[in-house]
Amino acid sequence: MASEQERLRQAARLQLMQSGIDPYPAAAFQRTHNTASLLAEADTLSPQQTVRLAGRLMERRIMGKASFAELQDAHGRIQLYLNRDDLGTAGDGVLYNEVFKKQLDFGDWIGVEGFLFTTQTGERSVHVRDLTVLAKTLRPLPVVKIDSEGHVHDGFTDPELRYRMRYVDLIVNPEVKTVFLKRSRMVQAMREFFLERGYLEVDTPVLQPIPGGATARPFITHHNALDVPLYLRIANELYLKRLIVGGFEGVFEFARDFRNEGMDRTHNPEFTILEIYVAFQDYRWMMEFTEQLIEHTARAVNGRTEVTLDNRTIELSAPFARVSMRNAILEHTSFDIHRKSEDEIRAFCVQESLEVGPEMGKGKLIDTLFGERCEKHYVQPTFITDYPIEMSPLCKRHRDDPDYTERFELMINGKELANAYSELNDPIDQRERFEEQLRLSQKGDDEAMFIDHDFLRALEFGMPPTAGMGIGIDRLAMLLTAQSSIQEVLFFPQMRPEALAVSSARSGFDGWALDPRWIGALTELYGSPEALRELKPTQVHQQLNGLRKKNKWDVPALLLDEVQAWFV
RNA sequence: GAUUCCGUAGCUCAGCUGGUAGAGCACGACACUUUUAAUGUUGGGGUCCUGGGUUCGAAUCCCAGCGGGAUCACCA
């Protein structure tokens with residue numbers, strides 16, 4: 001059932017139509033300015049120069065024969081001034097009294113023509129001479145008001161409503177739009193950074209027969225024609241490395257990945273990762289590349305390199321600190337993982353009251369130790385380097401110590417932001433690492449990697465030394481826009497499907513004492529009792545009983561007398 | 001998945017120890033020609049998330065479910 005305010009708007013829509021005004025006109029509305037460009041050019045306009053703008057009517061302050069209103073477009077707002085006696089060409093005041101005051105509502109799209117002037121209170125405003133309805137709004141928007149001190153009144157703040165109806169959020173909460181503009185600028189700055197260096201932007205499959213390149217639980221789906229299971233990608237790493245084998249010297253992709261895991265403030269089932277692979281480079285080069293990239297991007301988005309988040313100021317200018325994994329754990333736990341066995345590390349984890357299971361290999365144990373005891377300390381950007389070999393199955397062994405790998409993760413604000421390797425390109429070593437993953441999988445680690453035989457075949461054709469790096473785009477967007485939840489940097493974060501009320505209650509047949517199937521058929525065929533009464537009772541009688549026969553309903557056939565009674 | 005809090009008008013929220021609902025904004029009507037959270041007068045608007053239970057009586061108490069937030073677990 002529509003609310004009172006919705007019914008009034010529907011009535012206004014009909015009134016517009018009846019007075020010959022199309023509430024949804026087909027014709028383009030030519031604009032001379034938008035709200036921002038008009039204010040910017042205010043001083044260069046000649047007096048009374050005609051300007052045309054379009055946007056949403058956001059607020060009306062009606063005072064008899066004159067009104068003020070706010071027009072909002074993608075660039076901001078401007079105040080409108082409308083006067084009964086000079087609005088419209090007819091001179092009868094209808095456009096003001098009927099259309100503007102009665103048939104238009106808060107939220108409607110309109111186009112205006114007029115000229116810029118300054119009110120007595122000094123606000124630049126458009127004196128409207130003509131008004132065009134561009135689209136009638138049927139639902140009322142939340143009314144968010146901001147007073148002269150900048151306090152927000154009646155804010156539209158419920159996260160559930162904001163995420164489920166992001167369009168409303170974007171209309172009434174301008175700061176939300178800013179976050180997404182910044183996110184877009186961020187991606188653009190990164191793309192430019194890569195393109196300037198000659199790297200190629202590519203697309204690789206989202207539907208993959210083997211979900212590889214990361215440790216994560218995948219979503220599984222099914223391809224009917226091939227009759228095979230397919231997985232939504234959890235990473236694109238193995239495909240990008242195939243392209244390096246193919247001879248490209250630098251490839252990157254902004255990839256949507258899917259991981260079938262929990263959802264919270266920092267996790268969404270689908271998220272975006274930038275991965276980049278550069279031939280002939282190593283992880284040391286990649287560290288410098290990464291810190292320059294972050295600094296460049298922060299400047300492009302915010303014009304400066306420091307960001308304030310959770311009351312902490314983070315400085316993003318290069319260079320960043322570098323700490324090895326071994327030293328990080330040593331510093332925060334006084335435990336040296338160097339040359340320790342799986343059992344020794346597990347024993348230490350137990351001593352530290354960390355939850356560890358028998359299915360966890362050495363890599364996962366160390367990962368737990370770092371995650372629980374060290375990660376949160378790295379607020380300022382820090383590269384954690386040289387991960388133990390067991391937790392890095394796609395990474396090259398360290399040039400100085402084969403127990404470790406040439407890997408770094410970039411920690412900022414206590415969270416992982418980027419992950420990079422000197423990529424493993426020895427096909428035999430890679431095969432053995434995959435087989436170790438298989439053993440972990442058999443031990444019960446449901447995130448261990450599958451063996452991708454085609455990827456191994458590609459490596460057997462030879463991959464040059466390559467540095468690879470991935471950055472969580474959503475996480476970076478959170479950092480650069482100072483948001484503490486991932487839902488705030490995704491337009492449409494995943495939510496439980498909304499139970500929309502089935503609107504059987506709009507037909508007008510509901511009160512009728514009939515089997516629900518008759519009600520459904522009446523609604524389907526005729527829409528409303530009024531429409532039904534346009535027809536002949538005999539026709540309706542036959543149509544409905546025909547439907548009963550066709551669908552083999554076990555209800556008594558309608559009698560003509562019953563049907564005729566509806567027409568009284 | 002666990003714990004905990006929340007779900008009342010279009011929006012933001014009150015509603016005490018149980019007596020079937022209120023405010024501000026929004027909306028309708030009237031007044032008002034430079035206002036800006038416009039103003040004044042006045043009026044309408046609600047399956048109190050859903051379903052059970054207790055009770056003479058439930059928005060309120062109890063149980064179950066649905067949805068959301070926060071914290072934790074898994075993870076990026």
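Residue numbers begin at 1 in each chain, while the letters A, B, ... track the order of the sequences. These figures come from a predicted structure and were not determined experimentally.
- For the side chain to side chain donor-acceptor pair (under 3.5 Å) test, residues two or more places apart in sequence or in another chain that qualify with Arg183(A) are Asp474(A).
- Summarising the base pairing, rA14(B) is matched to no nucleotide, lacking a Watson-Crick or G-U wobble pair whose two defining distances lie under 3.5 Å.
- Going from atom CD of Glu123(A) over to atom P of rA37(B) covers 10 Å, rounded to whole Å.
- Where Lys65(A) and Ile62(A) each meet RNA chain B at their nearest nucleotide, the meeting point lying more 5' is that of Lys65(A).
- Within the nucleic acid shown, Gln5(A) comes within 4.0 Å of at least one base atom, counting heavy atoms only.
- As judged by a 4.0 angstrom heavy-atom cut-off over every strand, Asp474(A) is placed among residues making no nucleic acid contact.
- Nucleotides rC49(B) and rG69(B) place their C1' atoms 15 Å apart, quoted to the nearest Å.
- As judged by a 4.0 angstrom heavy-atom cut-off over every strand, Asp158(A) is placed among residues touching the sugar-phosphate backbone only.
- Salt bridge status for Arg162(A) with Glu488(A): present, with a side-chain N to carboxylate O gap under 4.0 Å.
- Across all strands shown, Tyr96(A) has no heavy atoms under 4.0 Å from either base or sugar-phosphate atoms.
- At the heavy-atom level, Gly155(A) lies under 4.0 Å from the strands shown only through sugar-phosphate atoms.
- Atom C1' of rG51(B) sits at a distance of 16 Å from the matching atom of rG7(B), rounded to the whole Å.
- Tested against Val112(A) for a side-chain contact (heavy atoms from CB on, under 4.5 Å), the candidates Val51(A), Leu82(A), Val128(A) yield a single pass: Val128(A).
- Residues that satisfy the salt bridge (Lys or Arg N to Asp or Glu O under 4.0 Å) test with Glu416(A), not counting sequence neighbours, are absent from this structure.
- For the OP1/OP2 pair of rC27(B) and a distance below 4.0 Å, the side-chain nitrogens and oxygens of Arg7(A) include no atom meeting the criterion.
- Put simply, Lys145(A) has no side-chain N or O that comes within less than 4.0 Å of OP1 or OP2 on rU12(B).
- Taking side-chain N and O atoms only, Arg265(A) has a distance below 4.0 Å to OP1 or OP2 of rU71(B).
- Among the atoms of the strands shown, none is found under 4.0 Å from any heavy atom of Leu417(A).
- Here Asn268(A) lies in heavy-atom contact (under 4.0 Å) with a base.
- Here Phe271(A) lies parallel enough and close enough to stack on the base of rA76(B), with planes under 30° and ring centres under 5.5 Å apart.
- Applying the side-chain contact (heavy atoms from CB on, under 4.5 Å) test between Phe408(A) and each of Val323(A), Asn419(A), Thr290(A) identifies Thr290(A) as the sole match.
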